[in-house]
Amino acid sequence: MNTTASQTSAALDQALAAAIERYRARHPASAHQLELAAEVLPGGNTRSVLFQTPFPLAMVRGDGCRLWDADGHEYLDALGEFTAGLYGHSAAPIREAIVSALDGGISLSSHTLREVELAREIQQRFPSLELLRFTNSGTEANLLALAAALAHTGRRKVLVFDGAYHGGVLSFGGAAGAVNVPHQWLPAPYNDLEAARAHVQRNGAELAAILVEPMLGAGGCIPGTPEFLQGLRRLADECGALLIFDEVMTSRLALGGRQSQLGIRPDLTTLGKYFGGGLSFGAFGGRREVMQRFDPRRADALGHAGTFNNNVLSMAAGLAGLRRLWTQEAVQALNSRGERLRERCNVVFDARGLALQASGLGSLMTIHPTRRPLRNAADLAGCDRRVRDLLYFALLERGVFIARRGMSALSLPFGDAEVEQFVAALEDALGACRSVLPAAG
């Protein structure tokens with residue numbers, strides 16, 4: 001490292017350390033909350049993605065697209081519960097539906113009426129889901145979709161992609177993969193059809209499924225190219241594997257998900273996040289002959305348990321959200337705002353000559369400390385994590401809450417005024433940090 005680069009790196013360390021100290025000073029109640037939590041939870045944490053050093057924020061209230069922490073600070077919520085908070089906080093139609101459901105009893109120990117209504121509502125939007133089943137999360141949905149694929153094909157291998165995240169035990173980037181379920185994984189670079197084809201040529205007769213996100217979500221909001229995703233459909237057909245689209249995040253890009261935009265019909269689709277109206281939810285479904293294997297009237301039926309699969313609160317909240325809030329007009333308006341925000345961010349980065357970019361589709365976005373074209377996880381190698389951290393703390397000081405990894409997911413209450421607030425906070429943050437941020441080459 002030359003002298004100038006070394007000085008810049010040292011200055012970045014100093015700027016980040018100063019930002020963290022200001023964070024400590026502004027959030028004593030959150031720090032105390034972690035101390036209390038650590039007495040009963042490992043590290044004071046029960047959901048790894050929420051932990052951060054020196055301590056995570058403790059939020060106490062949300063309203064619309066606003067959040068308040070334990071120290072009384074108000075934030076523009078630009079994270080949207082990592083895409084699950086599509087409807088914002090306590091939207092009236094969802095709140096009303098939950099209260100109504102409570103009046104009928106919570107645990108009914110049986111089939112209920114709303115589960116059929118919600119399944120039909122989802123099926124109408126996703127025609128590829130000829131039959132579907134509910135779970136409690138996107139993780140469970142992906143686990144069950146894989147189980148269905150293995151049982152249906154009688155094969156054991158699964159083609160996956162570097163940087164993908166399909167749930168807490170289905171992660172293919174970073175240390176999280178240490179607790180992955182032990183399927184026979186065949187990892188390939190995302191957006192690299194030739195690498196996928198090479199796996200199929202070598203392992204096609206043993207390949208049960210190709211599991212793919214139409215856009216890497218946790219992996220950086222990197223869209224899959226139409227050519228790549230359409231090519232995977234052909235490869236699956238050629239070798240008899242099932243193509244599984246994980247649309248837990250990308251389902252929000254259109255009423256019928258990313259698959260409807262690309263004209264691709266996967267064999268199985270997994271859903272989650274906002275489909276429960278902000279409560280726990282997951283679903284998997286697809287081709288009738290595959291999903292019928294779960295029909296309990298069959299002597300050879302596959303088992304699928306889950307006490308809360310059809311819980312009345314998620315069914316009621318999910319149904320209210322889809323019917324009353326998540327309309328075609330709402331989808332188009334939210335995507336438009338997201339595209340505008342991402343474009344505005346990139347204009348700001350360009351104008352300041354910074355090696356930063358915002359990637360994504362529609363209402364999903366991640367800010368990266370690099371200007372190189374992004375096609376897969378390898379393109380993010382070498383990105384300076386300190387830059388992301390500094391921007392996170394700088395935006396937080398200015399009342400904007402995003403993920404520390406740079407991700408944002410807009411909610412329906414996030415309107416034009418909020419786009420302007422985000423951009424103004426970003427410009428101010430960049431101005432304050434300008435001397436230590438990487439310049440575009």
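Here, residue 1 is the first one in the sequence, and each next residue gets the next number. Keep in mind it's a predicted model, so treat the numbers as computed, not measured.
- Counting non-hydrogen atoms of other residues, nucleotides and ligands closer than 6.0 Å to CZ of Arg340 gives a total above 12.
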Under 3.5 Å, which donor-acceptor pairs do the side chains of residues 223-233 form with other protein atoms, sequence neighbours left out?
{"unit_1": "Thr225", "atom_1": "OG1", "unit_2": "Phe228", "atom_2": "N", "d": "3.1"}
{"unit_1": "Arg233", "atom_1": "NE", "unit_2": "Asp237", "atom_2": "OD1", "d": "3.4"}
{"unit_1": "Arg233", "atom_1": "NH1", "unit_2": "Arg265", "atom_2": "O", "d": "2.8"}
{"unit_1": "Arg233", "atom_1": "NH1", "unit_2": "Asp267", "atom_2": "OD2", "d": "3.3"}
{"unit_1": "Arg233", "atom_1": "NH2", "unit_2": "Asp237", "atom_2": "OD1", "d": "2.8"}
{"unit_1": "Arg233", "atom_1": "NH2", "unit_2": "Asp267", "atom_2": "OD2", "d": "2.8"}

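- With contacts defined as side-chain heavy-atom distances shorter than 4.5 Å, the pair Arg405/Thr366 does not qualify.
- Here the side chain of His368 pairs a donor or acceptor atom with the backbone of Gly220 at under 3.5 angstrom.
- Although no hydrogens or angles enter the test, the distance criterion places no donor-acceptor pair under 3.5 Å between the side chain of Arg352 and the main chain of Val347.
- When all heavy atoms are compared, the tightest approach of Leu67 to Gly62 is CD2-CA, 4.1 Å.
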> Would Leu243 and Ile264 count as a side-chain contact (heavy atoms from CB on, under 4.5 Å) if you check the C-alpha gap in whole Å, the side-chain angles of each, and the deciding distance to 0.1 Å?
Replying inline: CA-CA 10 Å; Leu243 177 63; Ile264 299 173; 4.3 Å; yes

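- In this structure, Phe55 has its ring center under 6.0 Å from that of Tyr23.
- In this structure the side chain of Cys221 never reaches within 4.5 angstrom of the side chain of Leu216, judged on heavy atoms.
- Scanning both residues, Ala119 and Leu132, for their nearest heavy atoms gives O-CD2, 3.8 Å.
- Taking the side chain as every heavy atom from C-beta outward, Phe161 and Leu211 never approach each other to under 4.5 Å.
- In this structure, Arg404 contributes its side chain and Arg388 its backbone to no donor-acceptor pair below 3.5 Å.
- Distance alone, capped at 3.5 Å, is enough to place a donor-acceptor pair between the Ser260 side chain and the Gly257 backbone.
- The shortest heavy-atom contact between Phe126 and Ser251 is CZ-CB, 3.9 Å.
- Residues Tyr392 and Ile402 approach most closely at CE1-O, 3.2 Å, considering heavy atoms.
- Looking at residues two or more places apart in sequence or on another chain, you find a salt bridge (Lys or Arg N to Asp or Glu O under 4.0 Å) between Glu420 and Arg344.
- Arg398 and Glu74 are not joined by a salt bridge, as no carboxylate oxygen comes within less than 4.0 angstrom of a charged side-chain nitrogen.
- For the atom pair CD (Glu213) and CG (Asn142), the distance works out to 8.5 Å, reported to the nearest 0.5 Å.
- Looking at Arg114 and Glu117, no side-chain N of the basic residue comes within less than 4.0 Å of a carboxylate O on the acidic one, giving no salt bridge.
- When the options Leu426, Leu430, Leu356 are evaluated for a side-chain contact (heavy atoms from CB on, under 4.5 Å) with Cys345, the one that passes is Leu426.
- Here Met215 contributes atom CE and Asp246 contributes atom CG; the two are 11.0 Å apart, rounded to the nearest 0.5 Å.
- In this structure a side-chain-to-backbone donor-acceptor pair under 3.5 Å is present from Gln261 to Leu253.
- Arg125 places no side-chain N or O within donor-acceptor distance of the main-chain N or O of Gly256, the cut-off being under 3.5 Å.
- Pairing each heavy atom of Ala208 with each of Leu150, the nearest pair is CB-CD1, 3.7 Å.
- At least one side-chain heavy atom of Arg197 sits under 4.5 Å from a side-chain heavy atom of Leu235.
- Side-chain contact check for Glu121 versus Leu319: some heavy-atom pair is nearer than 4.5 Å.
- A donor-acceptor pair under 3.5 Å links the side-chain atoms of Gln357 to the main chain of Thr370, judged by distance alone.
- Side-chain atoms of Gln292 and Arg287, non-hydrogen and from C-beta on, never get closer than 4.5 Å to each other.
- Counting heavy-atom neighbours within 6.0 Å of Phe308 CZ, excluding the residue itself, gives a total of 12 or less.
- Pairs engaging residues 195-219 under the ring-ring contact (aromatic ring centres under 6.0 Å, His included) rule: none recorded [sequence neighbours left out].
- Sorted by first and then second residue, the pairs that involve residues 372-385 and meet side-chain hydrogen bond (donor to acceptor under 3.5 Å, both in side chains), not counting sequence neighbours, are Asp384-Arg386.
- The salt bridge (Lys or Arg N to Asp or Glu O under 4.0 Å) check on Asp103 picks up nothing, with sequence neighbours excluded.
- Of all non-hydrogen atoms in Thr269 and Ser128, the two that sit nearest each other are OG1-OG, 3.6 Å.
- A side-chain donor-acceptor contact under 3.5 Å links Asn346 to the backbone of Ala358.
- A salt bridge links Glu206 with Lys157; the closest basic N to acidic carboxylate O contact falls under 4.0 Å.
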> After noting the C-alpha distance and the side-chain angles of Phe401 and Leu76, does the key distance pass the side-chain contact (heavy atoms from CB on, under 4.5 Å) rule?
Replying inline: CA-CA 6 Å; Phe401 183 61; Leu76 170 62; over 6 Å; no

> Could you go step by step and tell me if Phe349 and Ile367 meet the side-chain contact (heavy atoms from CB on, under 4.5 Å) rule?
Replying inline: CA-CA 10 Å; Phe349 298 147; Ile367 295 175; 4.0 Å; yes

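- When side chains are defined from C-beta on, Arg252 does not count as touching Glu247, because their heavy atoms never get closer than 4.5 Å.
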> Run the side-chain contact (heavy atoms from CB on, under 4.5 Å) check on Leu146 and Leu170 step by step: do they pass?
Replying inline: CA-CA 11 Å; Leu146 287 171; Leu170 296 165; 3.9 Å; yes

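- Using modelled atom types, one finds no donor on one side chain facing an acceptor on the other under 3.5 Å when comparing Asp162 with Tyr190.
- Note that CG of Leu57 is 11.0 Å distant from CG of Leu34, once rounded to the nearest 0.5 Å.
- Salt-bridge annotation for Glu96 and Arg324: present, with a side-chain N of the basic residue lying under 4.0 Å from a carboxylate O of the acidic one.
- Within a 6.0 Å sphere centred on CG of Leu113, heavy atoms belonging to other residues, nucleotides or ligands number 12 at most.
- The shortest side-chain heavy-atom distance between Leu255 and Thr327 does not fall under the 4.5 Å cut-off.
- Dense packing is recorded around CZ of Arg293, with more than 12 heavy atoms of other residues, nucleotides or ligands lying under 6.0 Å away.
- With hydrogens and angles ignored, the 3.5 Å screen pairs no side-chain donor or acceptor of Tyr75 with any backbone N or O of Ala78.
- A distance-only check finds no donor-acceptor pair linking the side chain of Thr250 to the backbone of Arg258 [under 3.5 Å].
- Residues Asn309 and Thr135 have side chains that never bring a donor and an acceptor to within less than 3.5 angstrom of each other.
- Applying the side-chain hydrogen bond (donor to acceptor under 3.5 Å, both in side chains) test to pairs two or more places apart or on separate chains, those with a residue in residues 104-113 are Thr112-Glu115.
- A ring-centre distance under 6.0 Å is found for His304 and Phe284.
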>> Does Phe134 form a ring-ring contact (aromatic ring centres under 6.0 Å, His included) with Phe281? I'd like the steps, not just the answer.
In response: CA-CA 7 Å; Phe134 295 142; Phe281 180 83; 5.3 Å; yes

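- A salt bridge does not link Arg288 to Asp295: none of the charged side-chain nitrogens sits closer than 4.0 Å to a carboxylate oxygen.
- His166 and Thr139 share no side-chain donor-acceptor pair at under 3.5 Å.
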